[in-house]
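The analysis underlying the following values was restricted to heavy atoms, covering all of them including side chains, and did not include hydrogens, waters or symmetry mates.
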Amino acid sequence: MVGRIQNGVETRYYYDGDQIIAEAVIENGTPKLKASYVRGSKLEAIVRDKRESTHFLSQPIKA
């Protein structure tokens with residue numbers, strides 16, 4: 001786990017080995033999940049709070 005405080009907001013980053021798997025904001029001493037990182041052979045998606053997600057292409061598109 002790695003953390004930082006910026007503008008009074010504490011954020012923690014959770015890792016499995018060298019791969020980030022989640023990040024949380026600390027509110028009243030309790031972590032609140034901000035995003036989780038879905039991995040396959042590489043980063044596949046970032047799932048943010050409110051169930052919004054960002055997906056990445058695993059393979060290049062062939063023209």
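- Annotation: salt bridge (Lys or Arg N to Asp or Glu O under 4.0 Å) contacts involving residues 3-14, sequence neighbours excluded, comprise E10-R12.
- Y37 OH to Y14 OH: the interatomic distance, rounded to the nearest 0.5 Å, is 12.5 Å.
- Within the structure, salt bridge (Lys or Arg N to Asp or Glu O under 4.0 Å) contacts touching residues 18-29 (residues at least two apart or in different chains) are E23-K34.
- In the hydrophobic clustering, V9 connects to V25, either directly or through intervening members, whenever side-chain heavy atoms lie under 4.5 Å apart.
- Cluster partners of I26, using a side-chain heavy-atom cutoff of under 4.5 Å among ILVMFWY residues and allowing indirect links: none.
- Under the side-chain contact (heavy atoms from CB on, under 4.5 Å) criterion, L33 pairs with A22, not counting sequence neighbours.
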